[in-house]
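Notes follow the structure.
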There are 2 protein chains.
Amino acid sequence: MATDAEPISPMMRRIQSRRKRILTVARELLLQHGYYGMTMDAVASATGYPKGTIYLQFGCKEDVILALAAECLDRRLAMIRRAITYPGKTRARAVAVGEAVSLFARLRPDDSRIIHIATGPIREKGEASRLDAVRRRESETVAVLHGLLTEAMRDGELVFKGDATVEEMAFGLCALIEGGYTLIEGGFPEHTLGIEAPILEMWWIFNRLADAYGWRPYFREWDWEETLADVRRNLFPVEAQLVYGEGCWYGDMGPKHPGARRRF
Amino acid sequence: MATDAEPISPMMRRIQSRRKRILTVARELLLQHGYYGMTMDAVASATGYPKGTIYLQFGCKEDVILALAAECLDRRLAMIRRAITYPGKTRARAVAVGEAVSLFARLRPDDSRIIHIATGPIREKGEASRLDAVRRRESETVAVLHGLLTEAMRDGELVFKGDATVEEMAFGLCALIEGGYTLIEGGFPEHTLGIEAPILEMWWIFNRLADAYGWRPYFREWDWEETLADVRRNLFPVEAQLVYGEGCWYGDMGPKHPGARRRF
DNA sequence: TCCCAAAACTGACGAAACGTCGTTTTTCGC
DNA sequence: GCGAAAAACGACGTTTCGTCAGTTTTGGGA
């Protein structure tokens with residue numbers, strides 16, 4: 001969509017590579033020294049490009065950060081899009097999406113942090129088009145979930161208990177994810193609630209909510225541990241191994257012996 | 001707790017009043033011109049105090065904003081604390097808390113915005129003690145909810161269906177609130193999902209989740225509309241009137257005729 | 001191959017905001 | 001009423017952002 005026709009020109013190519021290098025260096029500085037520590041002069045001297053050259057590509061410092069955030073959101077979106085292709089029941093695909101988000105958070109804490117930074121007042125100053133780029137990616141995430149729910153309903157797997165709407169449920173799930181990871185970022189689950197594995201807790205909460213809305217098969221009707229293992233094995237083999245380590249495909253779902261597994 | 005012994009000294013008094021005035025003016029500027037538009041020089045000239053005097057009280061610009069956020073969080077906390085005193089079933093008190101948060105969001109959008117601003121990279125620069133002040137108030141909110149759930153369980157009103165923990169549920173509810181209002185702030189429910197009354201949707205989601213965990217009385221077992229009306233009438237008469245208008249105590253729960261009311 | 005207009009590059013410079021500090025004024029105990 | 005200590009003050013130094021006038025590079029036609 002956004003890929004402009006030909007970057008064939010040698011001039012274009014140089015500009016592209018420079019753009020890439022600026023972002024790489026800026027990211028490094030942002031992560032190392034924070035928002036206030038990432039100065040444009042530092043970016044200039046670290047890249048070796050003069051400041052004027054950098055300002056040819058990015059209108060202001062905040063634009064650089066928004067561009068970085070867009071990259072991070074792209075990586076997350078790519079994982080979510082891969083998850084949504086998981087073959088099988090719609091609820092299993094939702095599990096895959098959840099696992100994608102979870103893996104992303106653990107595998108790329110730096111990306112998560114940048115996404116969070118780009119949520120602050122930075123948006124006040126960024127160019128409109130940069131902001132749109134970020135917003136579009138955020139919307140896309142919501143849209144993917146919304147699409148899955150719509151499909152689930154069409155296929156008769158999601159049959160609301162009582163009155164509800166797909167939009168309501170999508171909003172609920174997105175809020176849960178958004179808020180959950182914000183709280184985790186701030187360390188609240190651990191400090192205030194004494195929760196040791198907050199991401200695992202989110203797994204349980206998700207299943208409660210899915211059951212509550214009437215998404216079949218229910219938690220008790222299916223071997224979700226196997227589904228999760230399958231998602232990790234077949235959809236995210238590299239990522240899962242990096243996060244959970246060799247052979248530990250079940251590591252994140254709590255105690256392994258079925259008797260100790262949670263039920264509801 | 002944090003109220004220092006005596007502000008009796010006339011000197012102290014002057015300092016306090018000045019501190020207050022600085023915050024008032026800074027708030028105005030922050031809301032009007034955003035983070036980048038609120039300059040310390042502007043605060044100085046608008047208050048009439050020289051810059052040096054302002055820097056006697058606040059170490060840096062970010063400290064001023066954190067102090068503003070602490071005030072906003074205090075106001076929200078006060079409403080939540082009032083809500084928790086609602087006499088009756090624990091789940092009804094949870095409804096009161098939810099209504100407190102909802103009223104706050106509608107009644108004080110400016111406060112909500114400031115709380116949001118104080119979530120960004122501003123924290124990188126603020127003094128540790130200021131940051132602690134904000135964090136303490138955030139924790140307190142979580143603690144109130146956690147306490148209510150604990151009480152509910154002790155009284156036998158909250159009996160988990162299957163395995164769950166109070167902490168898990170508290171985390172879920174907090175995530176929902178946190179994420180929900182973040183999404184609302186960004187306009188997502190409206191733009192991406194076409195939701196017209198997102199706060200109302202959160203009401204439904206909350207009830208789903210409370211039912212799912214086994215919090216009695218269930219949604220279908222109780223006249224929650226009456227509870228909500230009672231909360232508005234007796235706990236937040238002024239606030240509810242400001243938000244919903246004269247006599248419209250039921251305005252936010254959707255269609256008024258019972259037949260059209262949602263059920264599950 | 002050379003030339004020249006257009007595009008891209010450069011870094012010194014100006015502006016704006018932050019935060020400080022030496023001087024002046026006020027406070028308060030005696 | 002006196003003097004030391006605390007507070008007030010605002011001009012000044014510093015940092016960082018963002019620009020722009022002058023210079024270099026590019027690319028295509030004679």
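Here is the naming used below: chain letters follow the sequence lines, and residue numbers restart at 1 for every chain. Predicted model only: the values in this text are computed from it and were never measured. Computed from heavy atoms alone, side chains included, the values below leave out hydrogens, waters and symmetry copies.
Contact check on A:R81 versus A:E140 returns a salt bridge, with a Lys/Arg side-chain nitrogen under 4.0 Å from an Asp/Glu carboxylate oxygen. A salt bridge links A:R123 to A:E138: one of the charged nitrogens lies within less than 4.0 Å of a carboxylate oxygen. Contact check on B:R82 versus B:E239 returns a salt bridge, with a Lys/Arg side-chain nitrogen under 4.0 Å from an Asp/Glu carboxylate oxygen.
We find that CZ of A:F58 is positioned 20 Å from P of D:dT16, with the value rounded to whole Å. For the pair A:Q57 CD and C:dC9 P, the computed distance is 8 Å after rounding to whole Å. If you measure from atom CG of A:D63 to atom P of D:dC17, you get 13 Å, rounded to the nearest angstrom. The interatomic distance linking B:Y55 (OH) with D:dA11 (C1') rounds to 15 Å, in whole Å. The separation between A:Y49 atom OH and C:dA12 atom C1' is 21 Å, rounded to whole Å. Rounded to a whole Å, the CG atom of B:L56 is 10 Å from the C1' atom of D:dA6. Atom-to-atom, CD of B:E62 to P of C:dA17 comes out at 14 Å; the value is rounded to the nearest Å.
Of the two residues near DNA chain C, B:T39 and B:R14, the one whose nearest nucleotide lies more 5' is B:T39.
Contact between the side-chain N/O atoms of A:K61 and the OP1/OP2 oxygens of D:dC17 is found at a separation under 4.0 Å. Within the structure, every side-chain polar atom (N or O) of A:K51 is placed at least 4.0 Å from both OP1 and OP2 of C:dG14.
Within the 4.0 angstrom heavy-atom criterion, base atoms lie near A:T53.
Checking D:dA7, C:dG19, C:dC9 against the side-chain heavy atoms of B:K125 singles out C:dG19 as nearest. Nearest to the side-chain atoms of B:D41 among the listed nucleotides C:dT10, D:dG18, C:dA17 stands C:dA17. Which of C:dG19, C:dC9, D:dC9 sits closest to the side chain of B:C60 comes down to C:dG19.
Screening A:R106, A:R27, A:R76 against A:D111 for a salt bridge (charged side-chain N to carboxylate O under 4.0 Å, His left out) leaves a single residue, A:R27.
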